[in-house]
Visitor: 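Have a look at this one before I ask anything.
Since the structure is predicted, the reported quantities are computational estimates derived from the model, not experimental observations.
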Amino acid sequence: MKRVVITGAGTINALGQNVAQTCHAMREGRCGIAPLEFRDVDRLSIKIGGQVKGFEPESMFNRQQLALYDRFTQFTLVAAREALAQSGLRFESELSERAGVVLGTSGGGLTTQDENYRAVYEDGKNRVHPFVVPKLMNNAAASHVSMEFNLQGPSFTVATACASSNHAMGQAFSLIRSGMCQVMVTGGSESMLCFGGIKAWEGLRVMSKDACRPFSANRNGMVQGEGAGIFVFEEYEHAKARGADILAEIVGFAMTSDASDIVMPSLKGAARTIEGALRDGKISPERVGYINAHGTGTAANDKTECGAVSKVFGTHADNLMISSTKSMHGHLIGGTGAVELLSCIMALRDGVIAPTIGYEEPDPECGLDVVPNVARDAHVNVVMSNAFAFGGLNAVLALGRV
Amino acid sequence: MSTKDKVIAIIADQALLEPSDVTLDSTPEDLGIDSLGLVESIFSIEEAFDISVPFNANDPSESDFDISNVGTIIAGIENLISQQS
């Protein structure tokens, strides 16, 4: 089996419009959650989110591109350009055929759907723009990345709600590990911050009106975010031969299904996935120093997740650090695991553990070291990233240094 | 139909029971209504009475709306109807 390493990273999210800004904000424990700004926000009961502000797509894409790119595609391309530039890779001849793109998203071009449903239903128009379908389709972002960078190998989109990007990165990992591909562009993106997107979530009554406070006893729900996280996964020998700067190695991956409930998380399912990723990478549990939690800030997720970590790690659960960066950038749904992977890379490379901000009151059911409010310097060798989606579909990645 | 009978009908429908099986001291748990079922019942109640019910599924005990049993739910709804009409 081939080894798989990360040689490029890019992002745009509420904390920053590139990796450096985002990691800087995570070190500072800055909150990117703020009042939402879009049409009809006054008709919502949830009015906050981790929205990308100050983003000017007109400065990055031409008129023809803008007509085809939904906001989730725009985010994806901005992050992909950063990741590909860092990797230094160019895709020509044979390499382009052995390189592909697997991305996660849950809502795809939801803003495009929202705007066009409004046009036909509310405004009573009988005509929509000819590109509505190619703009809203879930695979639009993956396709545009493949076109912009000439990636001609296996390419597709994964939609598993909140685990989409972890599932996508797991697929990319498997494609390289098995020898099928040499390079994969992977990660995920989401742009659900529009009237219809938030209105739908309001219905479930799991959203917070004031803040995302994972693991805190007074947590009262999740807060949505938007953006993208994109990575270049590369076969280790290929990266080494060209002298690439290796950010981290993917050392284990597992995915499972709870097969039990459409919204409630399962301790058993979560634990089984974490154990699976350890087993896959032949990682002894004591080597894990940091976990980027799914940590949504809902009552159910956080206690279930802490229970699962305690079950898997036993007494070592008290030695490792676990934080939820959703407290800062919000929950990016299908793109969340990708943005969160940045905190895993930061932990390995820079020795900085991103905090869980908004932490106010200890909860005995979440009694782990959640790195409350302030980032911490620490040397860690193996880190993990959890994603446990609605529908009971779980995906966990483990990263190490090379 | 009285508010009480309407609410009981909605809850019975959610619980797949006859209205006569739903009593004022039945709790959602007694009736086999889980958190998702509760959120759905509250939606039906909001639609039926054209009111807005303050309820956060993350912490039902801290919401301003008492869902401990059918009786408290009905009292809460009567209160909301008088406030919001």
Visitor: Just by modelled atom types, is the Arg219(A) backbone N or O under 3.5 Å from a matching donor or acceptor in the Ser216(A) side chain?
Guide: no
Visitor: Under a 4.5 Å heavy-atom cut-off, does chain A meet the side chain of Ser52(B), its backbone, both or neither?
Guide: neither
Visitor: Counting only non-hydrogen atoms closer than 4.5 Å, does Val263(A) touch chain B with its backbone (N, CA, C, O), its side chain (CB onward), both, or neither?
Guide: side chain
Visitor: Given that the side chain runs from C-beta out, which part of Leu204(A) has a heavy atom under 4.5 Å from chain B: side chain, backbone, both or neither?
Guide: both
Visitor: Hey, are Asn292(A) and Thr325(A) close enough side-chain-wise for a donor-acceptor pair under 3.5 Å?
Guide: yes
Visitor: Please tell me whether Thr27(B) and Asp30(B) have a donor and an acceptor in their side chains that are separated by less than 3.5 angstrom.
Guide: yes
Visitor: Quick one: which residues of residues 41-48 of chain B reach chain A at under 4.5 angstrom, heavy atoms only?
Guide: Ile42(B), Glu46(B)
Visitor: Is a salt bridge present between Lys47(A) and Asp42(A), judged by a nitrogen-to-oxygen distance below 4.0 Å?
Guide: no
Visitor: To the nearest 0.5 angstrom, please state how far the OG1 atom of Thr3(B) sits from the CE atom of Met1(B).
Guide: 11.0 Å
Visitor: Quick one: do Lys303(A) and Asp363(A) make a salt bridge, cutoff under 4.0 Å?
Guide: no
Visitor: Has Glu340(A) got a side-chain atom pairing as donor or acceptor with Ser385(A)'s backbone, closer than 3.5 angstrom?
Guide: no
